[in-house]
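Below you'll find the structure, written out as structure tokens, and then a few comments.
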Amino acid sequence: MEQLDGFDLKILSELQRDGHLTNNELSERVALSPSQCSRRRTRLEAEGIITGYQAQIDRQRLGLDLMVVISVTLATHNRDNAKRFANLVSALPEVLEAYALTGEMDYHLRVVTPDLAGLSRFVNEVLLPHDSVQHVKTSIVLETLKSFEGLPIPTQMKGAAAMRVAAKPSPA
């Protein structure tokens, strides 16, 4: 773990909840001066611990009503084919997240489309015709039980997990 103290962890926790916080608001929440908060925030950004800020947008208000998890198996398992697939996925705005996996399927994609017709087009006109893809399996999300709301900051974690994170030695 980076050289982060309790104030850094509190700053990360608060900014993860609300990236719009001014340094004055942040300083009140973490009990530091605004100038200290500003210096620490700038350092956390410069060190790449804070990688950016973004708005959370309601996908359904944009007409993206269908969320789908798509499992993909590659046609061949070699570096060039994996690279072609990675290039395809990175160019598709419908793909929210993509994970390379171990196990039966090679990749899981989290995808949004307006409707079933949009999903059909995405699978049949984009994924399946691509030379890197052998098999596609779709699962429509019926209900979201929990959405990503931020990483667990060690101050928020319970028990042994928090102790393991806090005890990790700093990289040499």
Side-chain angles (χ1 to χ4, degrees), residues 1-2 4 9 11-21 41 44-45 47-166 168 171:
M1 192 162 150
E2 303 284 337
L4 302 177
L9 296 174
I11 288 170
L12 292 172
S13 181
E14 292 298 329
L15 288 174
Q16 197 166 233
R17 259 188 236 114
D18 183 357
H20 271 115
L21 290 176
R41 181 190 296 207
L44 292 167
E45 291 168 349
E47 291 177 357
I49 296 167
I50 296 175
T51 59
Y53 301 88
Q54 68 186 123
Q56 294 178 358
I57 300 169
D58 183 331
R59 68 180 167 80
Q60 292 174 311
R61 301 281 303 261
L62 294 179
L64 298 169
D65 293 329
L66 201 60
M67 183 179 303
V68 184
V69 176
I70 300 177
S71 300
V72 177
T73 303
L74 295 183
T76 59
H77 292 87
N78 61 52
R79 188 176 305 222
D80 289 338
N81 204 40
K83 193 173 198 175
R84 280 193 302 277
F85 183 74
N87 289 337
L88 169 69
V89 167
S90 66
L92 298 171
E94 301 91 342
V95 177
L96 304 180
E97 297 174 322
Y99 301 98
L101 305 173
T102 61
E104 185 180 335
M105 304 305 276
D106 296 316
Y107 295 91
H108 275 193
L109 312 178
R110 190 165 65 97
V111 173
V112 292
T113 64
D115 50 28
L116 284 172
L119 173 60
S120 179
R121 276 190 301 279
F122 183 79
V123 169
N124 293 313
E125 297 174 17
V126 177
L127 288 181
L128 285 175
H130 197 270
D131 62 347
S132 67
V133 174
Q134 176 185 1
H135 179 74
V136 171
K137 179 180 174 185
T138 62
S139 299
I140 295 173
V141 174
L142 297 177
E143 180 182 3
T144 300
L145 302 178
K146 182 177 181 180
S147 291
F148 179 74
E149 294 179 2
L151 296 172
I153 304 295
T155 59
Q156 301 167 327
M157 294 167 59
K158 309 264 188 279
M163 289 188 288
R164 278 195 308 276
V165 170
K168 281 187 180 177

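Reckoned from all heavy atoms, side chains included, excluding hydrogens, waters and symmetry mates. Along the sequence shown, residues carry numbers from 1.
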Calculate, to the nearest 0.5 Å, the distance between atoms [atom1] and [atom2] belonging to [X] and [Y] respectively.
X: D65; Y: L119; atom1: CG; atom2: CG; result: 13.0 Å
X: I50; Y: L44; atom1: CD1; atom2: CG; result: 4.5 Å
X: D18; Y: S13; atom1: CG; atom2: OG; result: 11.5 Å
X: L4; Y: L12; atom1: CG; atom2: CG; result: 6.5 Å

Taking only distance into account, with no hydrogens and no angle test, what donor-acceptor pairs under 3.5 Å do side-chain atoms of residues 122-130 form with protein atoms, sequence neighbours excluded?
unit_1 : atom_1 : unit_2 : atom_2 : d
N124   : ND2    : S120   : O      : 3.1
N124   : ND2    : S120   : OG     : 3.2
H130   : ND1    : S132   : N      : 3.2
H130   : ND1    : S132   : OG     : 2.7

Backbone of A86 reached by a side-chain donor or acceptor of S90 within 3.5 Å: yes

Taking all non-hydrogen atoms of both residues, which atom of [X] and which atom of [Y] are closest, and how far apart?
X: M105; Y: S71; answer: CE-CB, 3.2 Å
X: L66; Y: R59; answer: N-NH1, 3.9 Å
X: R41; Y: L21; answer: NH2-O, 2.8 Å
X: V111; Y: V95; answer: CG2-CG2, 4.1 Å
X: T76; Y: N81; answer: O-ND2, 2.8 Å
X: N78; Y: D80; answer: OD1-N, 3.2 Å

Ring pair (Phe, Tyr, Trp, His ring centres under 6.0 Å) partners of residues 74-98, not counting sequence neighbours, each pair once: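 Only F85-Y107 qualify under ring pair (Phe, Tyr, Trp, His ring centres under 6.0 Å).
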
T138 side chain reached by I70 side chain, heavy atoms, under 4.5 Å: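 Yes. Closest side-chain heavy atoms under 4.5 Å.
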
Heavy-atom check, side chain of P114 versus side chain of L64, under 4.5 Å: yes

Residue pairs passing the salt bridge (charged side-chain N to carboxylate O under 4.0 Å, His left out) test where at least one lies in residues 131-154, sequence neighbours excluded: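 As it turns out, the salt bridge (charged side-chain N to carboxylate O under 4.0 Å, His left out) pairs with a partner in residues 131-154, which skip direct neighbours, are R84-D131.
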
Set of residues satisfying side-chain contact (heavy atoms from CB on, under 4.5 Å) with respect to K83, sequence neighbours excluded: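 side-chain contact (heavy atoms from CB on, under 4.5 Å) check on K83 returns N87.
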
Results of side-chain contact (heavy atoms from CB on, under 4.5 Å) for T144 - residues two or more places apart only: V141, S147

Sequence-distant partners of D115, side-chain hydrogen bond (donor to acceptor under 3.5 Å, both in side chains), two or more places apart: none

